[in-house]
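Here the structure is laid out as C-alpha cells; the discussion comes afterwards.
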Amino acid sequence: MKIARIPKVDRTNGWSAHLPPRTPRPSLRKDVAVDWVVLGAGYAGLAAARRLAENCPDQHIGLIDAGEAGENASGRNSGFAIDLPHNVGSSLDELEGSHRFMRLARSAIDQLQDIVRKHDIQCDWSHDGRYHAAVSDRGVKSVLEPYAKELEALGEPFRWVGKDELRDKIGSDHFTAAVFTPGGALMNPAALTRGLADTLPENVTLFEHSPVIEANFQNGIHLTTAQGSLRGPKMILAANGYSEQFGFYPNRFLHLGAHGSLTRQLTEEERAAYGVEAPWGLTPANAFAGITMRYTNDHRILIRQGLEYCPSQVVTAQTQSKARKTHKQLFDARFPMLPNVEIEHTWSGIVCLSQNSAPAFGKLAPNIWSAACQNAVGVSKGTFGGTLAADLATERNNPLMEDMMSLGEPSQMPPRPFMDIGVWARFAWELFRNRDEA
C-alpha cells in the first residue's frame, strides 16, 4: 500500500534548541534485512526496540523513523512522566483500574530512570512532583476535592496547597489551590528521547529521516523508503497516530494539535524579582481551558496551552504564530513581575487520542504487534506500551501484561464529517463550560 500521509516535522522545538548538536543516525539508503522491524522511534518504539534487543540478543532489530530523535512528538511534550491518573472515579472497579495504571506507569518511570542513570543521559531528570491546580472555586470543588478524596482512597501521598503557599512555590497568584503529588518525574523530553535513541543496544540499528512511502505485509514485512527498504519477518507498530496510514485502527484515532512555548532564560535580576528558586511542574484541572506550566532547571518558563482538532496532523505556521501571541498574554497575566521576558520558542506537536482513552495495543496479525495511541501521556504510556508489546511478541512472561490488557482497545469513532462536527461542538462546549479555568 502507498502511504498517503508522511509526518512533517519543523525545527521549532524549543526543548531541543538549547541542546548540544547531535548527528542523526544515517537514513535508510539500501535494502536491509533484519529479524525484527520496529516502525516509529518515539517512546513506544524506542522501548520496544530496547526490550526486543534484550529478549533476542542474537537477533537484529531495525528501528525506522520518518524524523529525528528529539524532534518528533516524543520530544515536544511538556516533559512530565505521569505516574497517576489525573482524575479517577469512586467505584471499586475504577479504583482498581487506577492501581493497574499506576503499576504500569511506575514500572515505565523506573525503567527510564535506570537508563538515564546507567548512560548518564543529560536530560534534567528530576523528581520535583507535580501541582494539579485550579483557577476557580468551581474547579476546586468539581476537580481538586474529588481528586484528593480518590488519592486518599488509593493510599497515595498528596498535599493540599492553598493559594498563598502555591503563590510562593510557583511565583504566581493566578490559581486558587492545587493538589501536590510527589511522584512522577520532570525532564527535557527532547534530551531524553535523544539519549534513549543514542544508547540503544548494539543489535539495534536506527534509521532516522527515513519516511516510509510504501508498505507490504504479505510474506513478511517490507517497508520502502525513497532510497531503500527494510525487510523482516515480524514487526512492532509504534507509529502512534500514523498507524492508521498503514491500514490499522481505521477510524479509531482523534488527532489534536497541542502548542507549547518556552521563554528565554531569566536573568539574575529577573530571577530575584520572580522569587522562586526550585523547578516545578503544574497541570491544569481542565486540559481544554487551562494551561500546563513548568519552571525548568535552566530558568525558563514553559507555557503549554491550546488544543485544536487536527485531522491532517499538520499545524501551520500561522497557527503557531497565533499560539505564540496567546502564550505571551497568558505569561504576562500570570507573571506580571517579569514584564520584559519574551517567548523564545513556540512549537506544536500532534497528540493521538482514542474516544474511550484506551491504547492501541496487542497482536494485530500473526507477525505484527502494536504499541500506539498514548492518549497524551506519552512518556510513561509509550514506554510501558512498547516494552510490553516486545514481551508479548517474544512470549516473555511479564506480570504487568494483565494490567496492560485490562486497559481495553480503542473504540470506533463516528465517520467524518459527523466526527468533525462532534469534535468542534465538544471543544466549544468544554471551552465555554470551563472558561473560568483559563
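These numbers were taken from a predicted model, which means no experiment stands behind them.
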Checklist entry - Quick one: are the ring centres of Phe361 and Phe384 less than 6.0 Å apart? => result no

Next on the checklist: Could you work out, with side-chain contact (heavy atoms from CB on, under 4.5 Å) as the rule, every residue matching Ala17, not counting sequence neighbours?
Outcome noted: His345

Next on the checklist: Would the distance check show the side chain of Tyr43 and the main-chain N or O of Ser74 forming a donor-acceptor pair, the cut-off being under 3.5 Å?
Outcome noted: yes

Checklist entry - How are the rings of Phe427 and Phe288 set relative to one another: parallel (under 30°), tilted (30 to 60°) or perpendicular (over 60°)? => result perpendicular

Checklist entry - Is it true that the side chains of Arg130 and Thr283 contain a donor and an acceptor less than 3.5 Å apart? => result yes

Checklist outcome for this item: Per side chain to side chain contact (heavy atoms under 4.5 Å, CB included), Ser354 is matched among Cys373, Ser411, Pro359 by Cys373

Checklist entry - Is there any side chain to side chain donor-acceptor pair (under 3.5 Å) pair reaching into residues 207-217, and which pairs are they, with sequence neighbours excluded? => result Lys2-Glu214, Arg22-Glu208, Glu68-His209

Checklist entry - Does NZ or CZ of Arg252 fall inside the cone over Tyr249's six-membered ring, less than 6.0 Å from its centre and within 45° of the axis? => result no

Checklist entry - Would you call Phe175 and Leu282 a side-chain contact if the rule is heavy atoms closer than 4.5 Å? => result yes

Checklist outcome for this item: For Leu19, the side-chain contact (heavy atoms from CB on, under 4.5 Å) test, sequence neighbours excluded, returns Ser16, Asn188, Ala190, Ala191, Arg194

Checklist entry - Just by distance, with hydrogens left out, do Thr383 and Gln111 show a side-chain donor and acceptor under 3.5 Å apart? => result no

Item to check | Donor-acceptor pair between Thr263 and Glu344 side chains, under 3.5 angstrom | outcome: no

Item to check | Donor on one side chain, acceptor on other, Asn55 and Arg396, under 3.5 Å | outcome: yes

Next on the checklist: Can you confirm whether the side chains of Gln265 and His18 place a donor and an acceptor under 3.5 Å from each other?
Outcome noted: no

